[in-house]
Amino acid sequence: MKSAKAAQVAIQRVIRAIPRGRVASYGEIAARAGLPRRARLVGRVLGESDGLPWHRVVRASGRSAFAPGSRGFREQCQRLRAEGVVVVSGKVDLARFGWQRDLDAEIWGGILR
DNA sequence: ACATTGACTCGCG
DNA sequence: GCGCGAGCCAATG
């Protein structure tokens with residue numbers, strides 16, 4: 001049973017699991033929800049559901065999915081910075097704040113060893 | 001059933 | 001880094 005509703009629930013669950021101070025891409029979320037190639041579906045669910053940490057979801061490039069300067073764009077940058085995420089030129093460094101691509105430990109571990 | 005529409009992604013130039 | 005085109009797929013009319 002792979003109903004659309006089941007997919008929606010799976011996606012919501014994954015998004016709620018994104019740690020504070022971290023971000024994840026649409027494709028990443030879809031994959032983690034067991035729905036490869038469903039990035040657009042993630043966007044749809046975000047728009048229809050509320051109560052989700054939508055601001056922690058960005059494009060694969062690290063940029064916001066909202067148009068630069070738009071309401072949602074500014075709101076997202078603001079919320080992210082509020083939880084410690086560094087946003088440079090409307091972009092997040094996935095190597096440092098990406099959820100899955102958590103190179104943080106390895107990078108610093110290597111330098112500070 | 002067909003066409004359009006995206007909070008997307010990737011490869012090319 | 002930016003624009004373009006192609007691939008993608010559920011929802012909508």
Side-chain angles (χ1 to χ4, degrees):
Chain A
M1 184 273 265
K2 287 184 177 179
S3 68
K5 183 167 291 184
Q8 183 178 351
V9 174
I11 290 171
Q12 296 177 325
R13 183 171 48 72
V14 173
I15 294 176
R16 272 192 291 266
I18 302 174
R20 197 170 172 289
R22 289 289 179 72
V23 299
S25 75
Y26 292 83
E28 221 174 285
I29 292 169
R32 235 179 124 81
L35 301 164
R37 290 185 287 287
R38 301 296 192 285
R40 302 192 102 124
L41 181 56
V42 173
R44 185 185 313 288
V45 173
L46 273 180
E48 296 171 354
S49 322
D50 36 28
L52 296 175
W54 59 271
H55 55 284
R56 297 186 190 138
V57 185
V58 297
R59 290 188 181 169
S61 61
R63 292 178 63 66
S64 169
F66 293 99
S70 68
R71 180 82 166 292
F73 180 86
R74 290 194 304 273
E75 176 75 15
Q76 183 164 38
C77 292
Q78 183 181 322
R79 284 174 178 253
L80 285 177
R81 284 195 262 253
E83 47 184 64
V85 176
V86 176
V87 184
V88 184
S89 301
K91 183 178 57 175
V92 173
D93 184 349
L94 295 181
R96 290 192 292 161
F97 302 101
W99 180 23
Q100 294 295 287
R101 352 212 153 172
D102 191 346
L103 309 179
D104 213 344
E106 293 180 38
I107 293 176
W108 288 100
I111 296 176
L112 303 177
R113 178 183 345 242

K.L.:
Can you find a donor-acceptor N/O pair under 3.5 angstrom joining the side chain of A/Arg40 to the base of C/dA10?
P.N.:
no

K.L.:
What is the minimum heavy-atom distance between A/Gln8 and A/Ser49, and which atoms define it?
P.N.:
NE2-OG, 3.9 Å

K.L.:
Whole angstrom is fine here: how far is it from NZ in A/Lys5 over to P in C/dA11?
P.N.:
11 Å

K.L.:
Between A/Arg59 and B/dC8, is there a contact of a side-chain N or O with OP1 or OP2 at under 4.0 Å?
P.N.:
yes

K.L.:
Please report the distance, rounded to the nearest Å, between CD in A/Glu28 and P in B/dC8.
P.N.:
15 Å

K.L.:
Please give, in whole Å, the distance from B/dC8 P to A/Ile15 CD1?
P.N.:
13 Å

K.L.:
Can we say A/Glu75 and A/Arg79 salt-bridge, meaning some charged N sits less than 4.0 Å from an Asp/Glu carboxylate O?
P.N.:
yes

K.L.:
Between P on B/dT9 and CG on A/Leu41, what's the gap in Å once rounded to a whole number?
P.N.:
13 Å

K.L.:
Taking for each residue the nucleotide of DNA chain C with the nearest heavy atom, is it A/Arg63 or A/Arg38 whose nucleotide lies nearer the 5' end?
P.N.:
A/Arg63

K.L.:
Please classify the nucleic acid contact of A/Gly27 as base, sugar-phosphate, or nothing, using heavy-atom distances under 4.0 Å.
P.N.:
sugar-phosphate

K.L.:
Measure CD1/A/Ile11 against C1'/C/dC9 and give the value in whole Å, please.
P.N.:
12 Å

K.L.:
How close or far is atom C1' of B/dC8 from atom OH of A/Tyr26, stated in whole angstroms?
P.N.:
8 Å

K.L.:
Rounded to the Å, how far apart are A/Arg44 CZ and C/dC8 P?
P.N.:
17 Å

